[in-house]
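Chain identifiers are assigned alphabetically (A, B, ...) following the order of the sequence lines, protein sequences preceding nucleic acid strands; residue numbering begins at 1 within each chain.
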Amino acid sequence: MKVLVCISNVPDTTTRIKFAEGNASIDTTGIQWVINPWDELSLTRALELKDDPGTGVKSVTIAHVGPASAEPTLRKALAIGADEAVRVNAESSDAYFVAAQIAEVIRKEQFDIILCGIESSDYNGSVVGGMISEFLGIPSVSAVSGLKIENGNAVINREIDGGKEVVTIPLPFVAIVQKGIAKEPRIASMRGIMLARTKPIRTFEPVSVEPLTQIISFEKPAPRSACKFVDAENPAQLIDLLMNEAKVI
Amino acid sequence: MSVLVYTENWDGKFKKLSYELVSYASGVAKMLNSSVTALSIGKVEEAELKRLGDYGAARILSVDNEILASLDNQTYANVIAEVAGKENASVIIISNNNTGKAVAPRLSVKLKAGVGSGVSRLPLSVNPFTLYKRTYSGNAFAHVIIKSDVKILTIAQNSFDLIETANNAAVEKINVSVDNSQVKTKVQNIQKQTGKILLTDADIVVSGGRGMKSPDNWSTLVELASALGGATACSRPVSDEGWRPHEEHTGQTGKIIAPNLYIAVGISGATQHLAGISSSKYIVAINTDKDAPIFESAQYGIVGDAMKVLPKLVSAVKEFKK
């Protein structure tokens, strides 16, 4: 059984975002690039499945759509334990474009389990995983917080709006994962880092797809007014302010 | 041409979220000189369906089919696509909740319709169709053009006010082509959260961080939340330690919420935490460290020990509510 984990290359989550080109793009100077946090959890779960002989998972491949500058991030994922990487050599212009590229990789290489993070911490789109499944006409489950393989079937915990469910779906499928899928991200060992140097990163050229959306500019969130302090000895004043000034209670 | 809005129900009832979506759809329809068609899937009484008209739906379509009792996103996307085609919908509006995130991307590929997700304002323009959406986990907002003929928008919860524009809309029961063999997601077990306000629905949220010191100290925080009619939440270290359940974790990798009031107790305010709460209308911080970054995001603050402040707040709320 083969697992594919989709990887986004995103600015470190503590990055102070600055704009360039008259607010048309992000200023990438000095940004530390990391594996998207949910993708890191997906990768960890994929490796746990591979470690468990009962699951039948034999290999974990990572896939990324982006230029060669993303390769250090892909090496990190290989160092954590992925067997090989596929990079589609194109700018990730929008979710539809990216999903179409990944779907094409899956068509060529055939995977049984495809894992995607619930969103990327840069675009916050939450759509690539679902799009991949629709391009391929295979089932997908979203908001996945648990995934097991039992007798060749997937048993999935998912969050619904107002509760939790356990569902089963046939393979192949796309699981769109969130917190809970793995306890904490696996860290690369020294041996892993050494091994990653020689693991393959194969490059695919993109298929021709017209993006459906385009970012034209960015703006900063509206600034908040300065904090009004209330004396710790008299918290009732806070309740008064919330009732009569902010009018939120 | 119409604006189609999918209004989810919970055990046959709509929630504020459903009316927010219809209000938003009415706003878009006004910009397009178009009208709103609401689509409900599941068993909902006619009187409840008619309430969608109070927020501007001109037509209300109801699909009630046993096969659609639980969420299979492939089947749901098929149903919405079929209705969108019949209604000649140019814009489809869905919540950015778990259901919306499961359905919208499939619908997008099916209809070759661009998605704008997590939208928190009306479109900035309709020609070109330009959206305002959260990016970089709340550190930037993007203006995004959707270039396809059909557009799909998923709307961030609690980001759009209800607008009553009464329409005495008729309810039409419609049939769609679904069969059980299409349903691939088989539900084995459901655990519904009952008797509590859902964190994502809550107007008021009281949230605790490591500054609460021990899970045993949570009772006054819970008491404050219930006195205010709100929900409880927590920071990541607290859920990682197992002090509180994962569902309560708000922050970048947890829940993204936008309540009217967020009270952060003993939370220092790391970037990752702020990413989950920065859309809150008012933030109150209670922290012993006057230099904690949370105070930069808060409109009201108390520098003090939560264990001493919380009981006083509880009695003050009870006093004011009398």
Side-chain angles (χ1 to χ4, degrees), chain A residues 13-14 17 37-38 95-96 99 118 121-131 133-135 139-143 159-170 179-180 212-221 224-225 227-230 232 235-236 238-243 246 248-249, chain B residues 10 71 73-74 97-99 101-102 104-106 108-110 114-115 117-118 134-148 184-193 198 228 246 252-254 260-261 271-272 282 295 297-304 309 312-313 316-317 320:
Chain A
T13 49
T14 56
I17 298 297
W38 295 271
Y96 185 82
I118 186 83
S121 61
D122 52 1
Y123 189 67
N124 304 128
S126 297
V127 288
V128 171
M131 284 179 171
S133 65
E134 186 64 30
F135 273 119
S140 57
V141 177
S142 190
E159 198 174 324
I160 52 169
D161 299 291
K164 293 184 227 180
E165 287 180 346
V166 179
V167 303
T168 52
I169 49 166
K179 198 179 156 76
L212 302 178
T213 63
Q214 186 191 352
I215 294 183
I216 49 167
S217 65
F218 287 99
E219 60 181 78
K220 281 270 165 201
R224 286 180 179 271
S225 54
C227 186
K228 202 179 261 189
F229 284 94
V230 171
L238 174 68
I239 303 304
D240 185 31
L241 287 166
L242 293 175
M243 278 184 101
V248 284
I249 60 173
Chain B
W10 286 264
L71 175 66
N73 58 358
Q74 242 169 331
N97 64 1
N98 288 327
T99 307
K101 286 176 186 176
R106 299 206 75 122
S108 163
V109 171
K110 197 169 276 299
V115 185
S117 47
R134 176 178 178 273
T135 57
Y136 292 91
S137 304
N139 289 306
F141 286 82
H143 297 191
V144 183
I145 293 183
I146 303 187
K147 298 189 268 193
S148 51
K184 299 286 192 271
T185 315
K186 303 286 181 200
V187 177
Q188 311 295 330
N189 180 298
I190 309 179
Q191 248 184 290
K192 282 197 181 153
Q193 192 186 335
L198 276 189
L228 290 167
H246 282 302
Q252 184 164 46
T253 50
N260 290 335
L261 173 61
T271 324
Q272 292 88 339
Y282 282 89
F295 288 118
S297 301
Q299 285 78 62
Y300 299 107
I302 296 180
V303 178
V309 173
K312 288 182 188 165
L313 280 177
V317 172
F320 274 100

Side chain, backbone, both or neither of [X] within contact of chain A (heavy atoms, under 4.5 Å):
X        : result
B:Ile190 : both
B:Gln188 : both
B:Ala104 : neither
B:Gln272 : side chain

In Å and rounded to the nearest 0.5 Å, what is the [atom1] to [atom2] distance from [X] to [Y]?
X        : Y        : atom1 : atom2 : answer
B:Gln191 : B:Gln193 : CD    : CD    : 10.0 Å
A:Asp240 : B:Phe320 : CG    : CZ    : 4.5 Å
A:Lys179 : A:Glu159 : NZ    : CD    : 11.5 Å
B:Arg106 : A:Ser140 : CZ    : OG    : 4.0 Å
A:Leu212 : B:Ser108 : CG    : OG    : 6.0 Å

Mark yes when over 12 heavy atoms from residues, nucleotides or ligands other than B:Lys147 sit less than 6.0 Å from its NZ; otherwise mark no.
yes

Winner by heavy-atom pair count (cut-off under 4.5 Å) against chain A, out of [options]:
options                                : result
B:Thr271, B:Leu261, B:Ile146, B:Val187 : B:Val187
B:Val115, B:Asn139, B:Thr253           : B:Thr253
B:Ile302, B:Asn260, B:Val303           : B:Ile302
B:Gly114, B:Gly118, B:Gly301, B:Ser117 : B:Gly301
B:Ile145, B:Val309, B:Val144, B:Leu228 : B:Ile145

Top contributor to chain B interface from [options] [non-hydrogen pairs under 4.5 Å]:
options                      : result
A:Gly163, A:Pro235, A:Gly180 : A:Pro235
A:Pro170, A:Gly129, A:Ala99  : A:Pro170
A:Val127, A:Thr213, A:Val166 : A:Val166
A:Ile160, A:Val167, A:Thr168 : A:Thr168
A:Ala143, A:Ser142, A:Ser217 : A:Ser217

With only heavy atoms counted, which part of [X] is less than 4.5 Å from chain B, the side chain, the backbone, both or neither?
X        : result
A:Pro37  : side chain
A:Met131 : both
A:Ile215 : both
A:Leu241 : both

Distance-only side-chain donor-acceptor flag, B:Thr185 / B:Asn73, under 3.5 Å
no

Ring-plane angle category for A:Tyr96 and A:Phe135, please: parallel below 30°, perpendicular beyond 60°, tilted otherwise.
tilted

Please check this pair: side chain of A:Asn124 against backbone of B:Tyr136, looking for a donor-acceptor N/O pair closer than 3.5 Å.
yes

Is there a donor-acceptor pair under 3.5 Å between the side chain of A:Asp122 and the backbone N or O of B:Thr135?
no

Could you check whether A:Phe229 and B:Tyr300 have their ring centres less than 6.0 Å apart?
no

